[in-house]
Amino acid sequence: MCGRFALTSSSADLRNIFSGVDLDDFPARYNIAPTQPILVVIAGEGRERGSNLPDRRAVLVRWGFTPGWVKDPRDFPLLINARAETAIGKASFRAAMRHRRVLIPASGFYEWHRPSKESGGKPQAYWIRPRRGGVVAFAGLMETWSSADGSEVDTGAILTTSASAGISAIHDRMPVVIKPEDFSRWLDCKTQEPREVDDLMQSPQGDFFEAIPVSDKVNKVANMGPDLQEPVVSERTLPAPEKQRPDIGQLSFF
């Protein structure tokens with residue numbers, strides 16, 4: 001799963017990566033947690049005449065997906081993740097998979113390795129970031145929930161898949177990463193049905209991310225500084241990721 005992530009790149013970098021999407025300046029966020037606002041990129045409603053840039057918009061949504069048919073969110077579980085393998089057919093996500101696929105910019109995410117109770121070991125937090133730096137785009141889903149009084153809340157979830165070889169020693173799940181050359185196809189809900197973008201919901205190559213052990217300060221939502229990503233000495237040694245030849249699409253992230 002993915003329960004915490006960070007977005008520390010500048011708005012200028014995001015405008016470049018997402019092909020000119022209109023963004024105001026915003027502060028670096030080192031500890032984004034469920035129920036907080038997150039930035040998502042969606043397909044726009046109409047390209048300006050003469051523009052050769054993709055038609056995209058950036059909006060804020062609440063991290064915690066609420067299907068439109070839910071009567072009271074207080075009686076519904078907080079859905080921060082959606083399993084890529086089942087989202088197409090699952091009632092909670094079926095409509096969003098067809099009509100409201102989004103991209104979620106991130107500088108990386110946090111994950112915890114939790115040893116067995118018998119071992120007596122403590123959970124170890126890891127900051128997991130692209131090995132070459134830069135920004136990635138997690139695959140996401142968006143839904144607008146409307147209350148009985150007519151108020152609306154935009155909500156979202158991150159799609160996850162089986163962890164790549166380099167991350168599976170920490171956790172068996174990780175966010176789906178969409179490559180820049182696939183942004184338009186993922187966001188195109190008018191002509192690309194869910195089954196036609198199923199091939200995009202895969203884990204990245206084994207050496208795409210690197211995992212850095214960090215302190216347990218990230219456990220507290222109130223801690224929000226860059227010190228959360230400072231390396232610490234860990235007793236656990238992760239296996240080296242499988243060596244794979246990077247493809248052009250991977251390199252185009254950076």
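We're numbering straight along the sequence, starting at 1.
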Between [X] and [Y], does any side-chain donor sit less than 3.5 Å from a side-chain acceptor?
{"X": "T160", "Y": "R173", "value": "yes"}
{"X": "R100", "Y": "T144", "value": "no"}
{"X": "N219", "Y": "W112", "value": "yes"}
{"X": "D25", "Y": "S11", "value": "yes"}
{"X": "S107", "Y": "T8", "value": "yes"}
{"X": "Q36", "Y": "R29", "value": "yes"}

Is it possible for you to say whether [X] and [Y] belong to one hydrophobic cluster, with membership spreading through side-chain heavy-atom contacts below 4.5 Å?
{"X": "I32", "Y": "L228", "value": "no"}
{"X": "V177", "Y": "V135", "value": "yes"}
{"X": "L60", "Y": "F18", "value": "yes"}
{"X": "V153", "Y": "V61", "value": "no"}

Is the closest side-chain heavy-atom distance between [X] and [Y] below 4.5 Å?
{"X": "I128", "Y": "I167", "answer": "yes"}
{"X": "L78", "Y": "R62", "answer": "yes"}
{"X": "H113", "Y": "H171", "answer": "no"}
{"X": "M174", "Y": "P204", "answer": "yes"}
{"X": "S162", "Y": "E85", "answer": "yes"}
{"X": "V59", "Y": "I42", "answer": "yes"}
{"X": "L159", "Y": "L141", "answer": "yes"}

Margin query: Working note: R131 + D207, criterion side-chain contact (heavy atoms from CB on, under 4.5 Å); need CA distance, chi angles, decisive distance, verdict.
Written below: CA-CA 7 Å; R131 190 171 295 275; D207 61 351; 4.2 Å; yes
Item checked: Distance flag, aromatic centroids of W63 and F5, threshold under 6.0 Å -> yes
Notebook entry, point to check: Rounded to the nearest 0.5 Å, what separation is found between the CG atom of L103 and the CG atom of L14?
Noted result: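 Going from the CG atom of L103 to the CG atom of L14 covers 11.5 Å.
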Note to self: Nearest 0.5 Å, please: how far is CG in L23 from CZ in R57?
What the structure shows: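 If we round to the nearest 0.5 Å, R57:CZ and L23:CG are 12.0 Å apart.
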Next item on the list: Dump the intermediate steps for salt bridge (charged side-chain N to carboxylate O under 4.0 Å, His left out) on K217 and D227, then the final yes or no.
Entry: CA-CA 9 Å; K217 288 187 288 187; D227 57 315; 2.7 Å; yes
Item checked: Verdict with reasoning, L39 to L7, per side-chain contact (heavy atoms from CB on, under 4.5 Å) -> CA-CA 9 Å; L39 182 72; L7 179 59; 4.1 Å; yes
Next item on the list: If the plane angle is over 60° it's perpendicular, under 30° parallel, otherwise tilted; pick one for F65 and F93.
Entry: tilted
Next item on the list: Fit a plane to each ring of W127 and Y110, take the angle between them on a 0 to 90° scale, and name the class: parallel (under 30°), tilted (30 to 60°) or perpendicular (over 60°).
Entry: tilted
Item checked: Step-by-step side-chain contact (heavy atoms from CB on, under 4.5 Å) determination, R185 to L200 -> CA-CA 9 Å; R185 186 153 70 96; L200 302 182; 3.0 Å; yes
Margin query: Just checking D24: does its CG atom have more than 12 heavy atoms from other residues, nucleotides or ligands closer to it than 6.0 angstrom?
Written below: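 It does not: D24 CG has 12 such atoms or fewer within range.
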Next item on the list: Could you walk me through whether F183 and I178 pass the side-chain contact (heavy atoms from CB on, under 4.5 Å) test, one step at a time?
Entry: CA-CA 7 Å; F183 284 176; I178 304 295; 3.8 Å; yes
